Amino acid sequence: MPVLAARDLTPKLTAVIVASALCLSPTALLAADEDAAPKGAAVTVLKAAKSCFANIVEVSGTIIPREETQVRPERMGLKVAEVMVDAGDSVTAGQAMAKLNLPEGGSITVQAPVAGVVSASTASVGAMASAKGEALFSIIARGEFDLVGMVPTRDIQKLQVNQTARIKVIGAGEVDGKVRRLSTTVEPNSQLAQVFVGVTTNRRLLVNSSGRAQIKTGQSCGVAVPLTAILYGTAGTVVQVVRRARVETRRVETGLMAAGQVEITSGLQEGDIVVARAGALLREGDPVRAVTASADAK
């Protein structure tokens, strides 16, 4: 009889156990899942996103007049009677610049052959002037300047006439420009080629002042991450990705760089969760707790 009684109770006990399991609250089940999940250090992460990078060639050089015209009288043995313009003045074509006395009496007027800016003047009242002597005035034709600099041969191949540039000139700030002329030869010792970048501005520029041009040669768009997410080592260039709460090390190829962002040409996809500040303390397979970076942190 006891054995039979025990057999009769077995189905009832099984039903009670199943019912108890079904009555577990969702909170209890979630806690169980969390206990099973790996625990680790909290790391700040962000999603790899697409970004566009401008391909820039930098040219450092000197500001020079594009065309400079020397002004002299056509006759010999003249004397300066009056000077009407000074260095730094802007002149128009045909404008009177000086009056000269003739040896036999009377006078002639020296006029500006072109419009531009007077860059130098030797004219002074009482001084002699002649067609073969020192120029009375030098005029920067039309007030046009070039930035003349040298670039490596690898960069000269990227440049083309009319490419736009942004030029920072010492003492004058930033101005616009365009590639105007490219050298067809290379300096044999340095392997540098000469570039002429035309300057577009109404500002007064100083001859021989220094400048730096950034010439945009193209644009590349692709996946990008912050420079802080990149690790350089014996294994190559890598980023650390968080997948299923664990660290994965990805070897990547990098491209252009701008404003603290690095273009990733291979090894990473848009949307991958990347450790924002990669470090040697994190290793392959380490459990981590991902904390998404705020917009300001990026």
Side-chain angles (χ1 to χ4, degrees), residues 59-150 161-185 187 193-213 215:
V59 180
S60 295
T62 304
I63 299 295
I64 65 170
R66 183 177 305 174
E67 180 185 337
E68 203 161 14
T69 301
Q70 307 297 315
V71 182
R72 297 179 177 86
E74 295 180 353
R75 299 180 56 177
M76 305 289 289
L78 305 178
K79 184 178 289 188
V80 178
E82 183 181 356
V83 179
M84 302 174 183
V85 296
D86 293 320
D89 289 347
S90 296
V91 295
T92 58
Q95 179 178 333
M97 301 183 73
K99 186 175 288 186
L100 308 180
N101 288 335
L102 301 170
E104 66 272 19
S107 64
I108 62 172
T109 300
V110 175
Q111 297 177 324
V114 295
V117 177
V118 179
S119 58
S121 172
T122 63
S124 60
V125 175
M128 298 303 294
S130 67
K132 294 185 179 180
E134 188 177 16
L136 292 175
F137 305 97
S138 295
I139 299 176
I140 300 172
R142 299 169 297 279
E144 294 176 336
F145 294 86
D146 284 337
L147 172 74
V148 181
M150 309 292 286
V161 173
N162 290 328
Q163 285 174 333
T164 59
R166 192 66 179 161
I167 308 169
K168 184 175 289 185
V169 181
I170 292 179
E174 291 193 357
V175 297
D176 292 324
K178 280 187 178 181
V179 176
R180 193 176 67 81
R181 181 155 62 91
L182 300 171
S183 174
T184 57
T185 61
E187 203 284 325
Q194 198 170 46
V195 179
F196 292 79
V197 183
V199 182
T200 305
T201 183
N202 293 324
R203 302 178 193 175
R204 183 63 53 85
L205 300 180
L206 299 177
V207 176
N208 296 326
S209 55
S210 298
R212 179 185 293 271
I215 304 169

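Positions are given from 1 along the sequence. Owing to the predicted nature of the structure, the values given are computational and were not obtained by experimental measurement.
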Engineer: Sequence neighbours left out, what passes side-chain contact (heavy atoms from CB on, under 4.5 Å) with Pro73? Give chain and number order.
Structural biologist: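 Pro73 satisfies side-chain contact (heavy atoms from CB on, under 4.5 Å) with Leu78, Leu100, Ala129, Leu136 only.
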
Engineer: I need the full list of side-chain hydrogen bond (donor to acceptor under 3.5 Å, both in side chains) pairs touching residues 97-112, with sequence neighbours left out, sorted by first then second residue.
Structural biologist: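 Listed by first then second residue: Arg75-Glu104.
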
Engineer: So, do Pro65 and Val207 sit near enough that their side-chain heavy atoms are less than 4.5 Å apart?
Structural biologist: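 A side-chain contact exists here, since the closest heavy-atom pair is under 4.5 Å.
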
Engineer: How close do Ala141 and Thr69 get, counting heavy atoms only, and between which atoms?
Structural biologist: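 Where Ala141 meets Thr69 most closely, the heavy atoms are CB-OG1, 4.5 Å.
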
Engineer: Taking all heavy atoms of Leu147 and all of Gly61, pick out the closest pair and write down the distance.
Structural biologist: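 Minimum heavy-atom separation between Leu147 and Gly61: CD1-C, 3.5 Å.
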
Engineer: Determine whether Met97 and Met84 make a side-chain contact, defined as any pair of heavy atoms from C-beta on separated by less than 4.5 Å.
Structural biologist: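 No, their side chains stay 4.5 Å or more apart.
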
Engineer: So how far is it from Met128 CE to Met76 CE, rounded to the nearest 0.5 Å?
Structural biologist: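 If we round to the nearest 0.5 Å, Met128:CE and Met76:CE are 9.0 Å apart.
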
Engineer: Considering only distance and modelled atom types, tabulate donor-acceptor pairs under 3.5 Å from the side chains of residues 162-182, sequence neighbours left out.
Structural biologist:
| unit_1 | atom_1 | unit_2 | atom_2 | d |
| --- | --- | --- | --- | --- |
| Gln163 | OE1 | Gln160 | N | 2.8 |
| Gln163 | NE2 | Lys158 | O | 3.2 |
| Arg166 | NE | Glu174 | OE1 | 3.2 |
| Arg166 | NH1 | Asp176 | OD1 | 2.4 |
| Arg180 | NE | Asp146 | OD1 | 3.2 |
| Arg180 | NE | Asp146 | OD2 | 3.1 |
| Arg180 | NH2 | Asp146 | OD2 | 2.6 |

Engineer: Which pairs count as salt bridge (charged side-chain N to carboxylate O under 4.0 Å, His left out) when at least one residue sits in residues 77-97, sequence neighbours excluded?
Structural biologist: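 Of all non-adjacent pairs touching residues 77-97, none passes salt bridge (charged side-chain N to carboxylate O under 4.0 Å, His left out).
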
Engineer: Got a second to check how far Phe145's CZ is from Arg203's CZ, nearest 0.5 Å?
Structural biologist: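 That separation rounds to 13.5 Å.
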
Engineer: Closest heavy-atom contact between Gly77 and Pro103?
Structural biologist: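 Closest heavy-atom pair between Gly77 and Pro103: O-CG, 3.1 Å.
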
Engineer: To the nearest 0.5 Å, what is the distance between CD1 on Ile63 and CG on Asn208?
Structural biologist: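 Separation between the atoms: 9.5 Å.
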
Engineer: Given side chains that start at C-beta, do those of Ile64 and Val148 come closer than 4.5 Å, heavy atoms only?
Structural biologist: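 Side chain of Ile64 against side chain of Val148, heavy atoms only: contact under 4.5 Å found.
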
Engineer: Given Ile139, which of Val117, Val85, Val71 fulfils the side-chain contact (heavy atoms from CB on, under 4.5 Å) condition?
Structural biologist: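 Passing option: Val71.
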
Engineer: Which pair of non-hydrogen atoms, one from Ala93 and one from Pro113, has the smallest distance, and what is that distance?
Structural biologist: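 Closest pair (atom of Ala93, atom of Pro113, distance): CB-O, 4.3 Å.
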
Engineer: Could you tell me the separation between the CZ atom of Arg142 and the OG atom of Ser90, rounded to the nearest 0.5 Å?
Structural biologist: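 Separation between the atoms: 14.0 Å.
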
Engineer: Once rounded to the nearest 0.5 Å, what's the spacing between atom OG of Ser183 and atom CZ of Phe196?
Structural biologist: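 Reported to 0.5 Å precision, the distance equals 7.5 Å.
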
Engineer: Can you list everything that forms a side-chain contact (heavy atoms from CB on, under 4.5 Å) with Ala135? Sequence neighbours excluded, please.
Structural biologist: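 Per chain and number, Ala135 pairs via side-chain contact (heavy atoms from CB on, under 4.5 Å) with Gln70, Arg72.
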
Engineer: Could you tell me which residues satisfy side-chain contact (heavy atoms from CB on, under 4.5 Å) with Asn202, sequence neighbours excluded, listed by chain and number?
Structural biologist: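 Applying side-chain contact (heavy atoms from CB on, under 4.5 Å) to Asn202 gives none.
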
Engineer: Are any side-chain N or O atoms of Ser124 and backbone N or O atoms of Ala127, one a donor and one an acceptor, separated by less than 3.5 Å?
Structural biologist: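 Between the backbone of Ala127 and the side chain of Ser124 there is no qualifying donor-acceptor contact (under 3.5 Å).
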
